[in-house]
Novice: 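Here it is, the structure in full.
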Amino acid sequence: MLIEDKKRMAYTAVVTRVLEGDGRASRAERRAAFENAGLAEPLRTLIDKVAKQPTRVTNEDVAAVKASGESEDQIFELVICAAIGQASRQYETALEALAEAVTDKKRSEHASEDPQ
Amino acid sequence: MRLKILNSGYGFGTKVLFAFIHAVSRRPVPDAAKLVFYRPDFYGAPMKEFTHEAMRGPSAWSVGDRELMAAFVSKMNECEFCIGAHTATAARAYHDEAKVSAVLSDLETASIEEPLRATLRMLRKLTREHAVNADDMRAVLAAGVSCEQIEDALAVGFAFNTTDRLADAFGFFVPGPKAFEAGAKFLLRRGYR
């Protein structure tokens, strides 16, 4: 197996497990945390900070989500989904940019080999 | 840590293991380890597999280069725990502490190879702005970095853009330099699995 395929498979396994596997939070809620979209307060604030400004997360952010009825196990899962979601958008955007750059490069190499 | 389950929610076997680690290393189990031991089926086990592949699997980048990328991405995310852990690990892997601190304080003036510098620039933009474009990738390729090396660097980026977020969201305790030194030895001997 190609090295890069092994990495992609391990990556897909991480994402699939947290989104599709069993959990204490619903799949819909895990998906929303992953996408950082469609969540209600106070969860929205916590998840958005995990995605965009993780150093700004406070004890109060977590306490507010607990007070709203989420268990610690649900918060554990949703925070993980938020972190993986943001990192995964970065990763996939970058892989697409790389694919585009490599395709262009190959095209121009072919063009110079075959001037017609 | 901000969740009680990450301090004390472990089963008997894991508690015994933590006590053993504490006794042998004479240090408490680091929070990064506690995270991957909590309900490992959900996150710890698959993420350890990915991270080990990214950091220790076959690659044209050395282990030192990849640990430096981890430290550098963590620096961009201002994640104290991961900066400490991976600065120590990169310095130990390279046998060169000065090189690592030079890169972390100023990537543009640090005395490193151009392909590594171009790759770190791309990781910096990706981490700070959450996106890069084909021109950014062309610049890295033009510096002599292979497509596979870019993919390998992006895998390191994914691992640490995830881990840095979790370290800060869950509130990992940041230990002193001796603990990071001990952690670096462990990560170089055993990897992430």
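Letters A, B, ... are given to chains in the order of the sequence lines, protein chains preceding strands, and every chain is numbered from 1.
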Novice: Should R31(A) and E20(A) count as an ion pair when the cut-off is N to O under 4.0 Å?
Specialist: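 Counted as a salt bridge, because a side-chain N and a carboxylate O are separated by less than 4.0 Å.
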Novice: Do E181(B) and R92(B) sit within salt-bridge range, that is, some charged N less than 4.0 Å from a carboxylate O?
Specialist: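 Judged by the 4.0 Å cut-off on N to carboxylate O distance, E181(B) and R92(B) do form a salt bridge.
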Novice: Between F42(B) and F76(A), how do the two ring planes meet: parallel, tilted or perpendicular, split at 30° and 60°?
Specialist: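 Geometry flag for F76(A) against F42(B): tilted rings.
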Novice: Less than 4.0 angstrom from a charged side-chain N to a carboxylate O is my criterion; do D168(B) and K49(A) meet it?
Specialist: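 No, no charged N to carboxylate O under 4.0 Å.
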Novice: Should we count CZ of R56(A) as having more than 12 external heavy atoms under 6.0 Å?
Specialist: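 Result for CZ/R56(A): open.
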Novice: Sort out for me which of M122(B), E80(B), E148(B) touches chain A most, counting heavy-atom pairs under 4.5 Å.
Specialist: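 Looking at each of M122(B), E80(B), E148(B) in turn, E148(B) comes out on top.
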Novice: Would you mind telling me which of A87(A), A99(A), A10(A) has the largest number of heavy-atom pairs within less than 4.5 Å of chain B?
Specialist: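 Most heavy-atom pairs under 4.5 Å with chain B: A87(A).
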Novice: Less than 4.5 Å to any heavy atom of chain B: does that hold for the side chain of E96(A), its backbone, both, or neither?
Specialist: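 No part of E96(A) comes within 4.5 Å of chain B.
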Novice: Which bit of V50(A) is near chain B, if near means a heavy-atom gap under 4.5 Å: side chain, backbone, both or neither?
Specialist: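 Interface part for V50(A): both.
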Novice: Tell me, out of D61(A), T93(A), V14(A), who's got the most heavy-atom pairs with chain B below 4.5 Å.
Specialist: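 Max contact count across the listed options: V14(A).
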Novice: Can you tell me which portion of D135(B) sits under 4.5 Å from chain A's heavy atoms? Options are side chain, backbone, both or neither.
Specialist: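 It is neither, since no heavy atom gets under 4.5 Å.
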Novice: What residue, out of E129(B), E151(B), M47(B), R39(B), has the most heavy-atom pairs lying under 4.5 Å from chain A?
Specialist: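 The residue among E129(B), E151(B), M47(B), R39(B) with the greatest pair count is R39(B).
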Novice: Taking every non-hydrogen pair under 4.5 Å, which of D22(A), T103(A), N59(A) racks up the most with chain B?
Specialist: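 Between D22(A), T103(A), N59(A), the count favours N59(A).
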Novice: If I measure from the heavy atoms of chain A, does L141(B) come under 4.5 Å with its side chain, its backbone, both, or neither?
Specialist: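 For L141(B), the side chain is the part near chain A, not the backbone.
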Novice: Counting heavy-atom pairs under 4.5 Å to chain A, which of T163(B), I150(B), D164(B) comes out on top?
Specialist: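 The option with the most such pairs is I150(B).
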Novice: Please flag which part of R30(A) lies under 4.5 Å from any non-hydrogen atom of chain B: side chain, backbone, both or neither.
Specialist: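 Contact with chain B involves the side chain of R30(A) alone.
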Novice: Which word best sums up how the rings of F158(B) and Y91(A) line up, parallel for under 30°, tilted for 30 to 60°, or perpendicular for over 60°?
Specialist: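 F158(B) vs Y91(A) ring planes: tilted.
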Novice: By a 4.5 Å heavy-atom criterion (distance strictly below it), what part of K66(A) contacts chain B: side chain, backbone, both, or neither?
Specialist: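 Side chain of K66(A) only, per the 4.5 Å heavy-atom cut-off to chain B.
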Novice: Give me the atom names and distance for the closest heavy-atom approach of I47(A) to L78(A).
Specialist: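 For I47(A) versus L78(A), the nearest heavy atoms are CD1-O, 3.6 Å.
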Novice: For chain B, which candidate among I75(A), I84(A), L46(A) shows the most heavy-atom pairs at distances under 4.5 Å?
Specialist: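 Max contact count across the listed options: I84(A).
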Novice: Does any backbone or side-chain atom of F160(B) lie under 4.5 Å from a heavy atom of chain A? Answer side chain, backbone, both or neither.
Specialist: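 Neither the backbone nor the side chain of F160(B) comes within 4.5 Å of chain A.
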Novice: Does E77(A) use its side chain to pair, donor to acceptor, with the backbone of A25(A) at less than 3.5 Å?
Specialist: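 Side chain of E77(A) to backbone of A25(A): a pair is present.
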Novice: Sort out for me which of V132(B), L35(B), L126(B), T51(B) touches chain A most, counting heavy-atom pairs under 4.5 Å.
Specialist: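 Of V132(B), L35(B), L126(B), T51(B), L126(B) has the most heavy-atom pairs under 4.5 Å with chain A.
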Novice: Name the region of Q86(A), side chain, backbone, both or neither, that has any atom closer than 4.5 Å to a heavy atom of chain B.
Specialist: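 Only the side chain of Q86(A) comes within 4.5 Å of chain B.
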Novice: Go through the steps for F170(B) and F81(B) under the test ring pair (Phe, Tyr, Trp, His ring centres under 6.0 Å), then give the verdict.
Specialist: CA-CA 11 Å; F170(B) 291 133; F81(B) 182 94; over 10 Å; no
Novice: In the structure I gave you, are the side-chain heavy atoms of V18(A) and R27(A) within less than 4.5 Å of one another anywhere?
Specialist: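 V18(A) does not reach R27(A) side chain to side chain.
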